[in-house]
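Notes follow the structure.
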There are 2 protein chains.
Amino acid sequence: MVLYAGQGDAQRSMSLLWRGPDPASGSASDRRPSRPGPKQGLSVDAIVEAAVAVADEQGMAALSMRAVGQRLGRTAMALYTYVPSKAELIDLMYDKVLGELPAEHDLSRGWRAALTAWARETRAFYLRHPWVLQVSQARPVLGPNEFATLEALARVLHGTGLPAPVLRGVIGAVAQFVRGAAQVVADARQAARATGVGDEEWWFSRSPLLERHAPDLARRFPLVVWINQDDPPAVPDADDAPYLERDAMHNFTVGWEVLLDGIEASIAKHGGDQR
Amino acid sequence: MVLYAGQGDAQRSMSLLWRGPDPASGSASDRRPSRPGPKQGLSVDAIVEAAVAVADEQGMAALSMRAVGQRLGRTAMALYTYVPSKAELIDLMYDKVLGELPAEHDLSRGWRAALTAWARETRAFYLRHPWVLQVSQARPVLGPNEFATLEALARVLHGTGLPAPVLRGVIGAVAQFVRGAAQVVADARQAARATGVGDEEWWFSRSPLLERHAPDLARRFPLVVWINQDDPPAVPDADDAPYLERDAMHNFTVGWEVLLDGIEASIAKHGGDQR
DNA sequence: CACCGTACTTTACGCTGTAAGGAGTGGCAA
DNA sequence: TTGCCACTCCTTACAGCGTAAAGTACGGTG
């Protein structure tokens, strides 16, 4: 078996992700208690925390090594003493914030209620840390909190008695739905902040232009017009939310109901042997 | 009503998106038939086509004005004669490739079959142009093909008789599911190409490290282990597909079934008055 | 006290989108 | 025919990015 590139970095990456509690600084495993030279003024934890703050406040695009360094009163290059590269820093950020999600859910009122609570928490989490949505889904980070959140979701659905391969598909669908729904809202907020133009004003400025360039819209795309014929019914949680967000909240609740009913049908089909 | 920034660009953007057939070059509306100065060596269409080619071949990250210019034998700045900025170019790319999607679907065998055909086509489309997944969802481009694809999807589901607000939610869920499922595969391919490490080798290099740093995985996260206990059943379309992609295909079919059953339940609830 | 490993800094490279200004082309009015 | 000038396309420039390379200053250990 030939070993490919990325192996050395994987070493560093794994020990950073799984490093134990951090008494003062550095990682517990590869750090001698005393060493020559100046004292360490930073720590991996401090750097990750600062990076999360930058990303939360200014978005993933503004997350630069220089920006993180500046927040800590250092240059960009100082960070490379603690973290091998920006990619590993993002992995650490990702696994750290995943720790905010609860590991347990109340199953006493059935899986539908528990899964809905999970969805609401996860949605709120994504909107609190919208940059998480830009972390690639392709290869898992394999950090402790990533495993913990997956375990928590699996625990909610395990009681349905669905066989493992089906459960994998259901978990994927559910996770993707919440992620996608949050993405739309996060993108909209990002756009509003980046351009300084809110959704409502944006639409008011586009609408007459569309009318001019495509006056026959209603004839060419009758169903698009029909679908948007009326405002969404009020949604309890989002009375004060701006334009697009109220719409997004409505779509979220409708789509979520569809998904839950679909899971119910799947349980009926594949035999839920437990309650 | 105060008009905000972005208005002037919106003008240009709209006339580029909705410009009629392109006899030789330039846009039909704001281009006089003859003009002083050197002949135009490029055209908006040629630039958009070249940009799509670059993005298809090298990914969104490699799409630079210099790269597009080079493919056309010009410098980056030459493009600015035809296109106001990179943002508008991406809008044009997006609306152009959306034109590849079919506008009609065979409804003779019911909405389930038609919607499934739609999903397969859309998934294949995303994998053909993975960069499309990185175009922001927040604010629609309002181009002709964007309307056309939405109309096509609405037409498939209109026959269910679902009321408009519910249909909006269903359309959103369906579109998000396909987009998310394609995203995972696209990200994986991108990662494999960028790092030169395939999924299988990647896992083989990570697995022993994980074992070393977290030897109690099975005890801490029993359901994560249980869920992945066995290989996914073979899926017809993806026998030759690599590792992760076969898994992704399985999840896609399972999740899709869940979604279809959920829509069925929604029709039963909200009264499908048509067939 | 000298040594030398360490924390951190400065400098540098090639990349990005695009503003600014310059060069050469060619239709049209004088 | 000449000169104008709108036009296409070019070169140059700037501030920003991740990070390699080299330099500086600190301080525990021989």
Side-chain angles (χ1 to χ4, degrees), chain A residues 5 8-9 12-13 24-27 30-44 46-47 50-51 54-55 58-93 131 134 194-195, chain B residues 5 8-9 12-13 24-27 30-44 46-47 50-51 54-55 58-93 131 134 194-195:
Chain A
D9 289 328
R12 272 301 286 280
S13 180
S25 68
S27 89
D30 60 9
R31 188 84 173 95
R32 279 166 290 132
S34 104
R35 62 203 307 185
K39 295 217 159 51
Q40 288 192 313
L42 296 178
S43 69
V44 176
I47 290 171
V54 170
Q58 274 136 307
M60 194 64 142
L63 179 76
S64 68
M65 299 303 271
R66 285 168 175 86
V68 176
Q70 189 166 49
R71 181 175 279 258
L72 294 164
R74 303 292 142 93
T75 64
M77 292 309 291
L79 309 183
Y80 286 89
T81 303
Y82 302 87
V83 157
S85 80
K86 191 185 180 185
E88 273 81 6
L89 174 55
I90 292 175
D91 285 354
L92 291 169
M93 293 166 63
W131 51 269
Q134 294 179 54
T195 64
Chain B
D9 290 329
R12 271 301 285 281
S13 181
S25 67
S27 86
D30 61 8
R31 187 86 174 94
R32 278 166 291 130
S34 104
R35 63 203 304 186
K39 296 218 159 48
Q40 287 191 315
L42 296 178
S43 69
V44 176
I47 289 171
V54 169
Q58 274 136 302
M60 193 64 142
L63 179 76
S64 69
M65 300 303 271
R66 285 171 176 85
V68 176
Q70 189 167 48
R71 182 173 277 258
L72 295 164
R74 301 296 143 91
T75 64
M77 292 310 290
L79 309 183
Y80 285 89
T81 303
Y82 302 87
V83 155
S85 82
K86 191 185 179 184
E88 273 80 6
L89 175 56
I90 291 176
D91 285 354
L92 292 169
M93 293 167 62
W131 53 268
Q134 293 178 55
T195 65

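Reminder, nothing fancy here: chain letters follow the sequence lines and each chain counts from 1.
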Tell me: [atom1] of [X] to [atom2] of [N], nearest whole Å?
{"X": "A:Arg12", "N": "D:dT19", "atom1": "CZ", "atom2": "P", "result": "13 Å"}
{"X": "A:Tyr80", "N": "C:dT6", "atom1": "OH", "atom2": "C1'", "result": "19 Å"}
{"X": "B:Gln40", "N": "D:dA6", "atom1": "CD", "atom2": "P", "result": "16 Å"}
{"X": "B:Met60", "N": "C:dG17", "atom1": "CE", "atom2": "C1'", "result": "14 Å"}
{"X": "A:Leu79", "N": "D:dT19", "atom1": "CG", "atom2": "P", "result": "11 Å"}
{"X": "A:Leu42", "N": "C:dC8", "atom1": "CG", "atom2": "C1'", "result": "9 Å"}
{"X": "A:Gln70", "N": "C:dT9", "atom1": "CD", "atom2": "P", "result": "12 Å"}

Sub-3.5 Å pairs of nitrogen or oxygen atoms, protein against nucleotides 23-25 of chain D:
none

- Query: In terms of the nearest nucleotide of DNA chain C, which residue is placed more toward the 5' end: B:Ala87 or A:Arg74?
  - Reply: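 Here A:Arg74 is the residue nearer the 5' end.
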Heavy atoms only: give me the nearest [X]-[Y] pair and the separation to one decimal.
{"X": "A:Gly69", "Y": "A:Leu79", "result": "N-CD1, 3.9 Å"}
{"X": "B:Ser13", "Y": "B:Asp91", "result": "OG-OD2, 4.1 Å"}
{"X": "A:Ala62", "Y": "A:Ala67", "result": "O-CB, 3.8 Å"}
{"X": "A:Leu72", "Y": "A:Ala46", "result": "CD2-O, 4.1 Å"}
{"X": "A:Tyr80", "Y": "A:Ser85", "result": "CE2-CA, 4.0 Å"}

- Message: Given 3.5 Å as the limit, does a donor-acceptor pair link the side chain of B:Tyr82 with the main chain of B:Ile47, or not?
- Response: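 Such a contact is absent between B:Tyr82 side chain and B:Ile47 backbone.
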- Report yes if at least one side-chain N or O of A:Tyr82 is closer than 4.0 Å to OP1 or OP2 of C:dA7; otherwise report no.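 A:Tyr82 to C:dA7 OP1/OP2: no side-chain N or O under 4.0 Å.
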- Query: Within the pair A:Lys39 and C:dC8, is there a side-chain N or O less than 4.0 Å away from OP1 or OP2?
  - Reply: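 It does not, given that no N or O in the side chain of A:Lys39 lies less than 4.0 Å from OP1 or OP2 of C:dC8.
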With heavy-atom distances below 4.5 Å as the criterion, would you say the side chains of [X] and [Y] are in contact?
{"X": "B:Leu42", "Y": "B:Thr81", "value": "no"}
{"X": "A:Leu63", "Y": "A:Leu89", "value": "no"}
{"X": "B:Val54", "Y": "B:Gln70", "value": "no"}

- Task: To the nearest 0.5 angstrom, please state how far the CE atom of A:Met77 sits from the CZ atom of A:Arg66.
- Result: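 Nearest 0.5 Å value for the CE-CZ distance: 9.0 Å.
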- Measure the spacing between CE of B:Met65 and CZ of B:Arg74 and express it to the nearest 0.5 Å.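 That separation rounds to 14.5 Å.
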- Task: Would you give a per-nucleotide map of nucleotides 11-17 of chain D, 5' to 3', where B means the base has a protein non-hydrogen atom under 4.0 Å away, S means only the sugar-phosphate does, and - means neither?
- Result: B-B---B
- Query: How large an angle, rounded to 10°, do the end axes of the helix from C:dC1-D:dG30 to C:dA30-D:dT1 enclose when each is built from five base pairs?
  - Reply: 30°
- With the side chain defined as heavy atoms from C-beta on, B:Ala78 is closest, among D:dC9, C:dG27, C:dT9, to D:dC9
